[in-house]
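The next block holds one structure in the form of C-alpha cells; read it before the comments.
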There are 2 protein chains.
Amino acid sequence: MPATIRDVARASGVHISTVSRTFSAPHLVNPETRVRVLACAEELGYRPNRAARALITGRTHNIGLIIADIANPFFPPLIKAAESQARHRDYHVFVADTNEDPVAEEELVHAMAKQVDGVLLCSPRMSNSLIEQLSREVPLVVINRQVTGLPCVMMDVAQGARLAIEHLLDLGHRKLALLSGPRGSWTSRELRRSAVAAARSGGAELTVLGPNPPTETGGAGLADQVRRAEVTAVLAYNDLMAIGLIEGLDALGIRVPQDVSVVGIDDIALSRLTRPKLTTVATPTAAAGRTAVDMLLQHDTGVRARGVRNGTSDDRRTTAQVMLQTELVIRDSTAPAPLDGRNRPGAACTDPDPDPHCTAGPGHPATATTGDVVAS
Amino acid sequence: MPATIRDVARASGVHISTVSRTFSAPHLVNPETRVRVLACAEELGYRPNRAARALITGRTHNIGLIIADIANPFFPPLIKAAESQARHRDYHVFVADTNEDPVAEEELVHAMAKQVDGVLLCSPRMSNSLIEQLSREVPLVVINRQVTGLPCVMMDVAQGARLAIEHLLDLGHRKLALLSGPRGSWTSRELRRSAVAAARSGGAELTVLGPNPPTETGGAGLADQVRRAEVTAVLAYNDLMAIGLIEGLDALGIRVPQDVSVVGIDDIALSRLTRPKLTTVATPTAAAGRTAVDMLLQHDTGVRARGVRNGTSDDRRTTAQVMLQTELVIRDSTAPAPLDGRNRPGAACTDPDPDPHCTAGPGHPATATTGDVVAS
DNA sequence: GTGAAAGCGCTAACAC
DNA sequence: GTGTTAGCGCTTTCAC
C-alpha cells in the first residue's frame, strides 16, 4: 500500500534512478528536479524502503543489542549509552531480551542477523562455540564475556571481587559466603575464581552458594542457607541478589550490617535507595555500552555487495578485547565482624560447582587492555 | 560473505527454487532431495536472508516496540509480556527507547517501518496527527494513549486517580497536590482531568505541580514546592516520582505518611521495597503488552505482495480501543491527615498548565470497552 | 517434484 | 544531470 520509488518516478516524470539519487545522493541531481521529486514524494507519503536499500548497500544502519534480562536495572544504563553512541554515528539500536534463555538468545541473533549491521551480545548464556559460529553469520561484539577471536568488552569483576573481599577481611570477617550467579555466566565464573583466591590468600573461609538466578527473588531465597552457613559476610553476584538477600535476612531477624555484612556488584541506582544503602562494586556499564558500539562500528565499511565477493576486501578486523576497571563503593551494608563464635574459620574454601563449560581458559587474556580506551 | 541460496543450489545440484522450497515449504520437495539440500546448507552455514524474504512475502515476523524510557521499571513487565505473547505466535520483538524524545520517536518508527510487521507505540510523546501520519507507513498499535481511528490499549488512570483521591479524602485530607507528568503525555492529561474533578467534587483543594520529568529525580526536586504548597497529601504521576518525592521530603525533615501522605501510580516492583511501602494505583502493564500484540497480529494477513495492489484486499481492520482497569493498592505511604492548620481548603483547584495539545477530545470514547477483553 | 522466469523496492555502474 | 541496465537474495506463479 505505501508508495514505492516507482510511484514517485511516475508522478514526477523522471526515471526511478533519479528518485533514488534524490534520496541517497541529492547533490547529484538538479535542484529543480530535486524539489519536484521531493514534492511528489511528500505528496504520496513516500519513504525509501530501508530493507530493500540494505539488500543492495549491505548497510542497514541498525545495531542489534541482545540482553539477558531487560528488567534487571543493570542493563538500562548500558542500553542508553549504546543508543546514544549509535545515534551519534547515525545508527539505531534494536534491543531484544532473552529472559536468560540461551535458546531465545540464538534465535534472536538469527532474527536480527540481516536487519542489523552487527549485534552486541550482552551477558550471553550460550556456549562459546555457538557464539563463534553465530559470529560467522553477523558481526558480533561480546559484552561481559571473553571469547577468543572475537571483540569483547569486559568488566573487571575479578578485580572488583578482590577489592570486596579485602574490604571484608579488613573489617575482620573470616567466614564468608559468595552467592554465585547463573550457570553459563562468564562473570559469575570470574567472580568465583577471584573471590575464592582472595579469601584463601587472606586466610578466610569462603562458601560458594549457587548457581542462582540473578534476581532479587534469587537472593531472598538464599537467606536461610546463608544463616545455616554461619558466615558473617556475603558477596553477591549482583546488587539485585544482595538486596533480595537483605530482605530475606531481615525476615529471619538477621540484621544487616550488624549481624551480617553484604556486598553487591554493579552499583545499580536502586542500591542507593534501599536501607541500608548497599556497599557494592561499581561496574562501568555505560562505558561498556559505548565501547561496544565503537568496536562494532570501527571497521564497519559495510561493503558487502558487488565486487567484494572476489575477495580483495580486507576482512582482517583487529579483534580488540577491552577490560574495563571496576571500583568498590562503600556504603552502609558492611560493618566490622561481630564478635561471636561464627567468625573462626573451619574448613578450607568450599566450591561445590566449578561450572567449567563457559570460558576459554583461566585468567585474563594477554591481549586484554586495561582501561576504557578503544580507538574510535 | 555468508552463503546464499545460490551457493546451496550449486552445491546440491538443484535449482534455487528447490532450495527455497526446502526452507519455506518442505512438504513440496522430495524427501531425498530435501535431505541433500539441507546437508549442503548446513555445510555452508546457509541461513535464509529474512530481509530478502520479507521483501517478497511482506512479512518479517518481527514486531517493533517503542518505549519512552527503558530505564523506567514500569516498562519491563509490558515488554516481557509482549515478547512472550509474540513468541507464542512465532514473532520476535525489537525494542527501542526514545529517551522521552518525540523526535527520536518518529525516527525510530521510520527506522523500524520496513523491518517489522507493525509497531507498538508505548506512551508516545508525539502529536496525534503525527501518529496518524506514521500509521500510514506501518501498522501501529498505540499504548497509553487514545488516538481516534487507531487501535489503542489504554489503562484507566482516570478511574485510578479517582480511587486514589477518594482514598485520601476518606483519610481526611483536604489540601492535595498532583505531580503531573511530562508534557505530551496522554496519561498525565487524563490523570489531571480526573484528579481535579474528584478533588472538586469532594470539596478539597488540589494544586497541580508540573509538568515534570517522570523520574525519581523529577519527584525529589518537587519536595520543596510540595512543602510550600502546604498540602497534606500528594498524588504523583508515577511511582518513580512518588519515591523520589518521599526521599526529597525526608531530606527536608518531612515524614511520610505522618506529615504528608503520598500515592503513586503503576505499582512497580520497587514500590514494595521502599520504606514506607508505597500506596499506589496498580496498572495492568503485562495485560497491556499482551493485548497490544494481539491487536496488532489480529488482522495481520501480511499479504502485501503481488496482486493485492489491484485493491481487492479488505483493508478494513476493526480498530478496537481497549481500556484496561486499574486498582488501588493501599500500603504504608498514606495515613490520616495531620490535625494542623494546613488542612483547611482555601482557593479552588489550581491548574496552571492544561497542556491541550495531546488529546482528541474530552473524556473517554464511546467506542472504548472496559475490561481486558480483546478478540484473539 | 523440479526448473524457468518474473519481480519485491531499491542502488550502482555505465552510457549519453 | 538523467536514463538504461543489471542485479541484491529471495519467493512464487507457471510449465513440464
Side-chain angles (χ1 to χ4, degrees), chain A residues 1-10 12-37 41 44-61 113-115 117 137-138 302-310, chain B residues 1-10 12-37 41 44-61 113-115 117 137-138 302-310:
Chain A
M1 205 66 146
T4 83
I5 200 173
R6 242 172 292 267
D7 300 325
V8 179
R10 205 172 305 128
S12 48
V14 297
H15 195 260
I16 59 162
S17 53
T18 303
V19 179
S20 172
R21 277 188 280 261
T22 306
F23 285 93
S24 36
H27 58 280
L28 291 181
V29 61
N30 186 317
E32 291 181 20
T33 22
R34 185 165 61 211
V35 298
R36 197 170 72 246
V37 169
L44 295 172
Y46 168 77
R47 286 261 160 194
N49 182 326
R50 303 176 101 236
R53 174 183 285 177
L55 200 54
I56 297 191
T57 62
R59 316 284 258 73
T60 63
H61 269 257
K114 285 304 182 299
Q115 340 233 11
D117 296 338
E137 190 176 341
V138 56
V303 190
R304 197 184 59 191
R306 299 269 155 181
V308 177
R309 278 290 175 71
N310 330 14
Chain B
M1 207 62 149
T4 83
I5 200 174
R6 241 172 293 267
D7 301 324
V8 179
R10 204 172 306 128
S12 48
V14 296
H15 194 258
I16 60 162
S17 51
T18 302
V19 178
S20 171
R21 276 188 280 261
T22 305
F23 285 93
S24 36
H27 58 279
L28 291 181
V29 60
N30 185 319
E32 291 180 19
T33 24
R34 185 165 61 210
V35 297
R36 198 169 71 247
V37 170
L44 296 172
Y46 168 76
R47 286 261 159 193
N49 181 328
R50 302 175 102 236
R53 174 182 285 177
L55 200 54
I56 298 191
T57 61
R59 315 287 258 71
T60 64
H61 269 256
K114 286 302 181 302
Q115 340 233 13
D117 296 339
E137 190 176 341
V138 56
V303 189
R304 198 185 57 190
R306 299 271 154 181
V308 176
R309 278 289 175 71
N310 332 14

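Reckoned from all heavy atoms, side chains included, excluding hydrogens, waters and symmetry mates. A, B, ... follow the sequence lines: proteins, then strands. Residue 1 opens every chain.
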From [atom1] of [X] over to [atom2] of [N], roughly how many Å is that when rounded to an integer?
X      : N      : atom1 : atom2 : answer
A:I56  : C:dG7  : CD1   : C1'   : 13 Å
A:R59  : C:dA12 : CZ    : C1'   : 16 Å
B:L28  : D:dT11 : CG    : P     : 13 Å
A:R10  : D:dG3  : CZ    : C1'   : 16 Å
B:D7   : D:dC8  : CG    : P     : 11 Å
B:K114 : C:dT11 : NZ    : P     : 13 Å
B:H27  : C:dT2  : NE2   : C1'   : 15 Å
B:I16  : C:dT2  : CD1   : P     : 15 Å

Discussion item. On a heavy-atom basis, which atom in B:A9 and which in B:H15 lie closest, and how many Å separate them?
Written reply: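 So the two residues come closest at CB-C, 4.0 Å.
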Proximity to the side chain of [X] - top-ranked nucleotide from [options]:
X     : options               : answer
B:L55 : D:dT12, C:dG9, C:dT11 : C:dG9
B:T4  : D:dC10, C:dC10, D:dC8 : D:dC10
A:N30 : D:dT2, C:dG9, D:dC10  : D:dT2

Name the nucleic acid region contacted by [X], choosing base, sugar-phosphate or nothing; use a 4.0 angstrom heavy-atom cut-off, strictly under.
X     : result
B:V14 : sugar-phosphate
B:Y46 : sugar-phosphate
B:S17 : base
A:R47 : sugar-phosphate

Item to complete: Using heavy atoms to find the nearest nucleotide of DNA chain C for A:R21 and A:R6 separately, return the residue whose nucleotide is more 5′.
Response: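 Final value for this comparison: A:R6.
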Discussion item. Heavy-atom nearest nucleotide on DNA chain C for B:A52 versus B:T33: which residue maps closer to 5'?
Written reply: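 Here B:T33 is the residue nearer the 5' end.
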Worksheet item: Counting just side-chain N and O atoms, does A:T18 come under 4.0 Å of either OP1 or OP2 of D:dG3?
Response: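 Yes, A:T18 has a side-chain N/O under 4.0 Å of OP1/OP2 on D:dG3.
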Worksheet item: OP1, OP2 of C:dT11 versus side-chain N and O of A:S20: anything below 4.0 Å?
Response: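 Checking C:dT11 against A:S20, a side-chain N or O does come within under 4.0 Å of OP1 or OP2.
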Practice prompt. Please assess B:V37 against B:R34 for the test side-chain contact (heavy atoms from CB on, under 4.5 Å), listing each intermediate value before the final yes or no.
Written response: CA-CA 5 Å; B:V37 170; B:R34 185 165 61 210; 5.9 Å; no
Item to complete: Could you go through the side-chain contact (heavy atoms from CB on, under 4.5 Å) check for B:K114 and A:R53 one step at a time?
Response: CA-CA 10 Å; B:K114 286 302 181 302; A:R53 174 183 285 177; over 6 Å; no
Item to complete: Using a 4.5 Å cut-off on heavy atoms from C-beta on, say whether the side chain of B:P2 contacts that of B:R47.
Response: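 A side-chain contact under 4.5 Å is absent here.
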Fill in: A:L55 vs B:N49 side-chain heavy atoms within contact, under 4.5 Å
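Contact flag for A:L55/B:N49 side chains = yes.
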